[in-house]
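Sending over a structure as structure tokens; questions will come in a sec.
Here the structure is a predicted model, which is why all the values come from computation and not from measurement. Proteins come first, then strands; the chains are lettered A, B, ... in the order of their sequence lines, and each starts at number 1. Scope of the values below: all heavy atoms of this structure, side chains included, with no hydrogens, waters or symmetry mates.
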Amino acid sequence: MYSIKVREQTKKEKDIHKRVDTQDSNMASPVPVKEKKLMEVKLGELPGWILMQDFTPKGIAGAFQRGYYRYYNKYINVKKGGVAGISMVLAAYVLFNYCRSYKELKHERLRKYH
Amino acid sequence: MGLPIAVLIVMFPSILFPSPNRLINNRLISIQQWLIQLTSKQMLMIHNQKGRTWALMLMSLIMFIGSTNLLGLLPHSFTPTTQLSMNLGMAIPLWAGTVITGFRHKTKASLAHFLPQGTPLPLIPMLVIIETISLFIQPMALAVRLTANITAGHLLIHLIGGATLALINISATTALITFTILVLLTILEFAVALIQAYVFTLLVSLYLHDNT
């Protein structure tokens, strides 16, 4: 439900952007920087956007929750989900564990000098 | 092994079990629901009304241990159930719970467990001691059984895999050893059978203590 609300907002934003760009491209956009999605932020506004994001524990938890539901609704909560949904998660888990144990695995490479 | 990462890894299997929202769910949840219904019917058949209040505990136990052991078969992963501390932390409270429940509700029957029926009179003191020892060794056996089985399986996979890699330059033996690895992994995927063993043993203990 949350994602549908955000999608409609960006469609409205795109119309606003079109009108703004025809008039004056240097003017600051009428939508506040904080509420834009990452793809909509202009490059110059990027540091400001990063700093204005919500870094409280509640904000970070909200970000994880949004990311989880985004993945879940796209790959698993569909009528004919396949094995790809869960195997992507397991592949990411394997990769995470490989990165975690890289320091010990470094010594087992086939090199003459370690 | 950093402590925060271990906490994340222990909590990871819970992500793989989404909670059902609707009457007809997606395929992942439907498969899990079907498996859980199958297992719970099988397991709770032998219990009476009082024993069946433990249904949630037993089902979550089997789901946790099963998923943790199966995830440990992925390459490079860490299995929390290889740590004896964790298995003791699971076994001792659950076993103690069954014993205390038996003592509270059926004191005479629980104490009577210490002496099997029909023993000759001179043997009674020794038998009571033996039965007490066998009672107190139950949680240790539960924990050590799980730890030893999983650890031994992982160790074998590591060793045989390493041997295969070393023998690749010296061929003709390689095919045989690779086959051994394959068979061993398949057998090790009966880690799930080990879960069955764990919960079943726990179950038997609960049954004997509470319902007899």
Side-chain angles (χ1 to χ4, degrees), chain A residues 1-8 53-114, chain B residues 1-35 63 66-82 154 157-170 185 189:
Chain A
M1 249 181 280
Y2 176 84
S3 47
I4 297 177
K5 232 198 291 182
V6 174
R7 290 278 148 73
E8 285 176 1
Q53 286 306 300
D54 191 10
F55 286 121
T56 65
K58 186 178 171 197
I60 294 184
F64 274 114
Q65 201 176 21
R66 285 197 302 273
Y68 171 79
Y69 278 116
R70 207 168 125 184
Y71 182 86
Y72 182 68
N73 287 327
K74 183 168 181 191
Y75 288 108
I76 303 186
N77 205 8
V78 290
K79 213 193 256 187
K80 293 181 103 183
V83 70
I86 195 170
S87 50
M88 275 197 280
V89 179
L90 294 179
Y93 181 64
V94 171
L95 208 62
F96 171 70
N97 281 314
Y98 181 75
C99 296
R100 177 186 54 85
S101 49
Y102 181 69
K103 229 177 185 179
E104 281 88 28
L105 291 171
K106 212 167 48 164
H107 299 296
E108 294 174 17
R109 287 188 289 200
L110 291 174
R111 298 259 193 283
K112 192 172 172 189
Y113 303 106
H114 280 236
Chain B
M1 188 64 212
L3 191 56
I5 305 185
V7 171
L8 281 177
I9 294 184
V10 172
M11 291 197 315
F12 177 72
S14 62
I15 297 184
L16 304 172
F17 295 110
S19 47
N21 284 338
R22 314 173 168 184
L23 189 61
I24 311 268
N25 298 299
N26 53 32
R27 284 182 177 180
L28 184 70
I29 296 183
S30 307
I31 293 177
Q32 285 168 1
Q33 254 181 342
W34 170 73
L35 279 173
M63 273 168 58
S67 59
T68 316
N69 290 345
L70 284 176
L71 279 177
L73 291 175
L74 293 171
H76 304 305
S77 15
F78 171 68
T79 324
T81 40
T82 53
H154 286 333
I157 288 186
H158 277 241
L159 291 176
I160 294 189
T164 313
L165 281 179
L167 281 171
I168 279 182
N169 301 323
I170 318 162
L185 257 181
E189 267 173 84

>> Is there a side-chain contact between A/Val89 and B/Ile15 in this structure, where contact means two heavy atoms from C-beta onward sitting under 4.5 Å apart?
In response: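 Side-chain contact under 4.5 Å: no.
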>> Taking CG in B/Leu159 as the centre, count heavy atoms belonging to other residues, nucleotides or ligands within less than 6.0 Å. Is the count above 12?
In response: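 Counting other residues, nucleotides and ligands, CG of B/Leu159 exceeds 12 neighbours.
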> Side chains of B/Ile29 and A/Ile76: does their closest heavy-atom pair fall under 4.5 Å?
Replying inline: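 The answer is no; the side chains never approach within 4.5 Å.
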> Atom CG in B/Leu74, atom CG in A/Leu90: separation rounded to 0.5 Å?
Replying inline: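 If I round to the nearest 0.5 Å, the distance is 5.5 Å.
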>> Please list all pairs meeting ring pair (Phe, Tyr, Trp, His ring centres under 6.0 Å) that have one or both residues in residues 6-25 of chain B, counting only residues at least two apart or in different chains.
In response: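 Qualifying pairs, neighbours excluded: A/Tyr93-B/Phe12.
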>> The criterion is side-chain hydrogen bond (donor to acceptor under 3.5 Å, both in side chains); which residues satisfy it with B/Asn26, sequence neighbours excluded?
In response: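 With neighbours one apart ignored, the set is A/Tyr72, A/Asn77.
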>> Going by the rule ring-ring contact (aromatic ring centres under 6.0 Å, His included), which residues pair with A/Tyr71 if we only count those two or more places apart in sequence or in a different chain?
In response: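 For A/Tyr71 the ring-ring contact (aromatic ring centres under 6.0 Å, His included) partners, ignoring immediate neighbours, are A/Tyr75.
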> Looking only at heavy atoms, which two atoms of A/Arg100 and B/Ser77 are closest? And how far apart?
Replying inline: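 So the minimum-distance heavy-atom pair works out to NH2-C, 4.3 Å.
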> Which residues in residues 106-113 of chain A have any heavy atom lying under 4.5 Å from a heavy atom of chain B?
Replying inline: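 No residue falls under the 4.5 Å cut-off.
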